[in-house]
Amino acid sequence: YYWLSTIPKTLATSFGLMALIFLTRFRQQGAPVWGWGYLILVTCGFVMESTGLILPLLGLILDTSLRPPGPEKAKPLAGFRLHLWAFGLAGGFLLMRFALGIKPYAENLPIASKVITLFRTILATFFHGLQDYLWLTVKGIPLTVGLLIVLLAILVLSTIRLKQGEERRRFITLLLLWAAACLPHTIGSHFHSRYLYFPGVFAALVLADVLGSVRLRVYAHNLTWLLISLIVIGFLAFDFYAFRQTSRSYLMASQIYEAGIKKIMTYLPEMPAGTRLVLVDFPDSIHLPYHVQPGYHNNYRVLVYRNALPYHLMLSYGRRDVDVTFLTISHQNDGSFSPLGAPASPQQLAKVLAAPQTVICRYLPGNPEQFAISRGASPVAVSILK
C-alpha cells in the first residue's frame, strides 16, 4: 500500500530530474532529440503529479544559468522558445483539467502560515529525517528560528566565500532550484512529509556542494574528512531519531485502531442485517502535547487510519452493507485528539439513539485504548454519551 501510494510522487520526481538532465544535454550538444525529450518528460511530470507544474520554471532557472554569455543570449527570445512550449503545455494541462471539472486542491492559509511552511520545508529537507519532529528536537520556536539563521548563514557564506566564478553560479542555481521546488505545496497546501521528496533532492545537491567546498578549503589542514564525517554522522543521528519516533507513533496508532475493532467485534460477534454502527468521537488523530517552555508548546499527530476502519469491519463481518456513521459530541475536549464526524446537536443525538438496531461506540480520550459501547437508547448508552 505504501509503495503504491507513493508511486505518483516517485515518478513525478524522476521525470522532473530526467527532464532537467535532458535540458542540460540539449544546451551542451544542441541535438533536437534532447529538447523534445525535455518537453515530453516535463509533460509526464505534471500529468503524474500536479506539483510537476513547477517544472517549466525549474527548467527556465537552470537554462538561464547554463547558457553562456554572448551575442545570442542578448536577443530577447534567444533560447526561450523551448520554455514557451513548456509553459504552454502546462497551461494546456490546466485548461484540460478545468474543462473536465477537476478542481485544484488548495488551502486558503494565511500568508504567515505559508511563510512558515516554506521555512519548515527548507529546514526539513536540509536536516533530513527530522521533518515533523523538528520542533520537538530543537525544543521550541526560538531555537528553531536560530537553527534557520545558522542554515542561512552557512548558505550565504558558501555563496560569498567558498564559491568563485563557475562554482558560485552553479551553487546559486541549485539554491534557486531548491527554493522553486518548495513553492507548489507552500502556495497551495501545507507542510507534509510527502511534499518533501522533490525539494529534498535539490537540498541534497546543495549539501553536496557545501561539503565539496568545505573539503577544498580545509584540505591543507587535514581536517577535511574529520569535519565531513562529523556532519554525516550528525545527519544519520537525526535519521535514526526520526525513525524511532515514527515507529512509536505507528505503534500507538495501531494499538488504538485494533482496540476499537476488538471492542466492536467482542460486543457484536454477529451483525444482523440493518444494524447501524454509530462511532462517537473516534479519533482522526492523536495529539501529544510537548511543553518546551512557558508560552510554547508543540503537538505531534498520530493518524489512526480513519479511512480503513469501515472497510475493516466489512471484511471482518463478511458483509458489504455495514452502516458506519461518525459523530462528534466532544465540544470541550482537552486538545489531545481530533474527533471524526460533524458535531451532533442534542436533538440529532436523540434521533440517532431512538433508531432501531443502533449500536453506539465512543472513544474515551482519558485512555487512548479504551472504548465504551452499548445499544440504542439504553441507559448505558445515554450515560456513555453524557
Side-chain angles (χ1 to χ4, degrees), residues 7-97 125 155 158-160 162-184 187 196-213 215-216:
I7 278 180
K9 291 192 176 299
T10 303
L11 290 178
T13 301
S14 301
F15 285 138
L17 293 176
M18 288 190 292
L20 297 180
I21 292 172
F22 272 49
L23 177 61
T24 305
R25 292 290 184 268
F26 177 67
R27 290 307 177 198
Q28 289 174 343
Q29 302 178 13
V33 65
W34 295 113
W36 283 108
Y38 167 72
L39 293 177
I40 292 172
L41 289 169
V42 165
T43 304
C44 291
F46 56 68
V47 167
M48 186 59 60
E49 181 77 24
S50 59
T51 54
L53 288 168
I54 200 67
L55 287 175
L57 177 60
L58 297 182
L60 180 60
I61 293 172
L62 180 63
D63 199 22
T64 303
S65 171
L66 287 175
R67 291 161 57 204
E72 290 297 322
K73 195 172 182 178
K75 296 180 180 178
L77 294 179
F80 195 66
R81 186 179 304 168
L82 183 66
H83 301 294
L84 287 177
W85 277 103
F87 280 99
L89 288 171
F93 176 73
L94 289 174
L95 289 175
M96 181 187 70
R97 285 173 58 94
T125 51
L155 298 179
S158 299
T159 304
I160 296 175
L162 303 180
K163 302 289 174 182
Q164 297 295 331
E166 186 67 26
E167 287 187 348
R168 176 180 293 181
R169 185 171 66 171
R170 181 188 66 209
F171 187 69
I172 293 175
T173 301
L174 288 176
L175 290 178
L176 292 175
L177 291 174
W178 181 17
C182 296
L183 290 179
I187 296 172
L196 305 182
Y197 300 160
F198 194 46
V201 172
F202 298 102
L205 294 175
V206 168
L207 176 62
D209 223 15
V210 170
L211 293 179
S213 301
R215 179 179 182 276
L216 291 174

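Because the structure is a prediction, the values reported are computed rather than measured.
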Nearest heavy-atom pair of [X] and [Y]: which atoms, and what distance?
X	Y	value
Cys182	Pro199	SG-CB, 3.7 Å
Ala12	Glu49	CB-CB, 3.4 Å
Val42	Ala19	CG2-CB, 3.9 Å
Ala180	Leu57	CB-CD2, 4.3 Å

Reported [atom1]-to-[atom2] distance for the pair [X] and [Y], which is rounded to 0.5 angstrom:
X	Y	atom1	atom2	result
Arg27	Leu62	CZ	CG	10.0 Å
Phe80	Leu60	CZ	CG	5.5 Å
Leu55	Leu23	CG	CG	11.0 Å
Asp209	Ile172	CG	CD1	11.0 Å
Leu89	Leu53	CG	CG	11.0 Å
Phe202	Leu17	CZ	CG	5.5 Å

Show, in sequence, the C-alpha distance, side-chain angles and deciding distance for Phe198 and Ile54, and conclude whether the side chain to side chain contact (heavy atoms under 4.5 Å, CB included) test is met. CA-CA 11 Å; Phe198 194 46; Ile54 200 67; 4.2 Å; yes
Measure the acute angle between the ring planes of His83 and Tyr38, then classify it against the limits of 30° and 60° as parallel, tilted or perpendicular.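 It falls in the perpendicular class, over 60°.
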Within the 4.5 Å heavy-atom criterion, are Leu175 and Phe171 side-chain neighbours or not?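 Yes, at least one pair of side-chain atoms sits under 4.5 Å.
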Contact check, side chains of Trp178 and Thr125, non-hydrogen atoms, under 4.5 Å: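 The answer is yes; the side chains approach within 4.5 Å.
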Can you tell me if Ser65 uses its side chain to pair, donor with acceptor, with the backbone of Ile61 under 3.5 Å?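 Side chain of Ser65 to backbone of Ile61, a donor-acceptor pair under 3.5 Å: no, none is there.
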